[in-house]
Participant: 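Attaching a single structure in structure tokens format; questions to follow.
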Amino acid sequence: MVTPIRKAILPVAGLGTRFLPATKAVPKEMLTVVDRPVVQHVVDEARAAGIEHIVFVTGRNKGVIEDHFDRQYELEDTLLERGKSQMLEMLRQETMGPGATSFTRQQLPLGLGHAVWCARDIIGNEPFALLLPDMLHKPTNGKGCLAQMVDAYAKTGGNHIAVYEVPPEQTDQYGIVGLGTEVADGVHKIASMVEKPKKDVAPSNLAISGRYILQPEIFELLATQERGAGNEIQLTDSMLKLAQRQDFYSVTFDGAIYDCGSKLGFLMANVAYALANPEISDTFRPELDALLAKN
Ligand code: UTP
């Protein structure tokens with residue numbers, strides 16, 4: 001019996017420089033994909049995987065994320081008065097319950113590893129999920145990426161990383177894993193992890209996608225605060241050390257991934273999610289076709 005994954009970390013303290021000037025005052029996680037902020041899509045994915053508590057690692061100018069996950073009393077009251085019960089119900093379902101969120105600040109953007117370490121006391125001594133909130137994982141078969149990983153984790157325990165195929169000539173933009181034996185359908189032991197390898201030395205074209213299940217021992221390794229690439233405290237460096245004493249598995253995600261921290265990924269996500277949204281796809285599709293025909 002493995003320890004269940006109850007808590008998730010969402011690091012939202014990055015500066016979002018690739019999306020300036022949009023992210024000057026609005027956090028990139030609050031940019032909207034169809035009808036909800038990117039971060040809400042990721043929280044929905046986490047909750048669908050059974051996560052009960054979400055730890056947001058925030059920074060300055062990110063207060064609006066906390067407001068988004070709070071109840072809006074005046075709004076709810078007005079909706080109730082106007083008889084908009086469906087809308088009210090939707091808002092209530094999407095709000096995390098009392099005590100189910102924590103917010104802690106990463107005072108300086110010292111890297112992803114440092115952001116994760118900032119959540120150590122709130123997570124405590126139990127395995128946890130880590131979801132990078134700018135990476136949207138749109139599943140093919142309805143089952144979210146973290147839910148697929150939780151299923152795999154239930155069989156093996158240990159640490160899990162979601163991976164996806166990238167074009168071989170682009171391996172030098174990603175963390176890449178080399179696979180060992182297959183332990184279940186689409187689940188392999190990880191034999192190696194390399195940060196941004198050139199195509200000719202990359203162990204595969206499987207990139208780390210931004211979803212992890214990690215054991216709490218990662219915090220001891222992050223605590224050394226060693227700087228890595230870009231003078232940042234890198235999560236990958238600590239995962240490599242942890243891999244010397246614990247098993248790491250890869251779960252090949254069955255779906256499409258959009259990097260909403262980049263302009264192209266964000267635009268692609270909006271199109272893909274709109275085409276899949278029953279409320280607007282029927283009207284959006286012909287509009288999109290017409291636009292493409294004209295441009
Ligand atoms: P990114 O490198 O994609 O985010 O980090 P960024 O720094 O905001 O992006 P650019 O390059 O300036 O546009 C991946 C994730 O890690 C978080 C980010 O918020 C993002 O979710 N992160 C990164 C932190 O929380 N703190 C950090 O110090 C660095």
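Each ligand, and each atom within it, is numbered from 1 in the order the structure gives.
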Participant: Using the ring centroid of each side chain, check whether Phe69 and Phe56 are separated by less than 6.0 Å.
Facilitator: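 Ring centres of Phe56 and Phe69 closer than 6.0 Å.
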
Participant: Checking side chain to side chain contact (heavy atoms under 4.5 Å, CB included) for the pair Val183/Lys155: CA distance, chi angles, key distance, verdict?
Facilitator: CA-CA 9 Å; Val183 293; Lys155 293 183 192 134; over 6 Å; no

Participant: For Met268, does the CE atom have more than 12 heavy-atom neighbours from other residues, nucleotides or ligands under 6.0 Å away?
Facilitator: no

Participant: So which protein residues pack against ligand 1 under 4.0 Å, heavy atoms counted?
Facilitator: Pro11, Val12, Ala13, Gly14, Leu15, Gly16, Thr17, Arg18, Lys28, Glu29, Gln106, Pro109, Leu110, Gly111, Leu112, Ala115, Pro133, Asp134

Participant: Is Gln170 atom CD crowded by more than 12 heavy atoms from other residues, nucleotides or ligands, each under 6.0 Å away?
Facilitator: yes

Participant: Once ring-ring contact (aromatic ring centres under 6.0 Å, His included) is applied, do any residues pair with Phe19, and if so which ones, sequence neighbours excluded?
Facilitator: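 Once residues adjacent in sequence are excluded, the partners of Phe19 under the ring-ring contact (aromatic ring centres under 6.0 Å, His included) criterion are Phe266.
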
Participant: Can you tell me which residue among His160, His137, Lys143 is in a side chain to side chain contact (heavy atoms under 4.5 Å, CB included) with Gln148?
Facilitator: Lys143

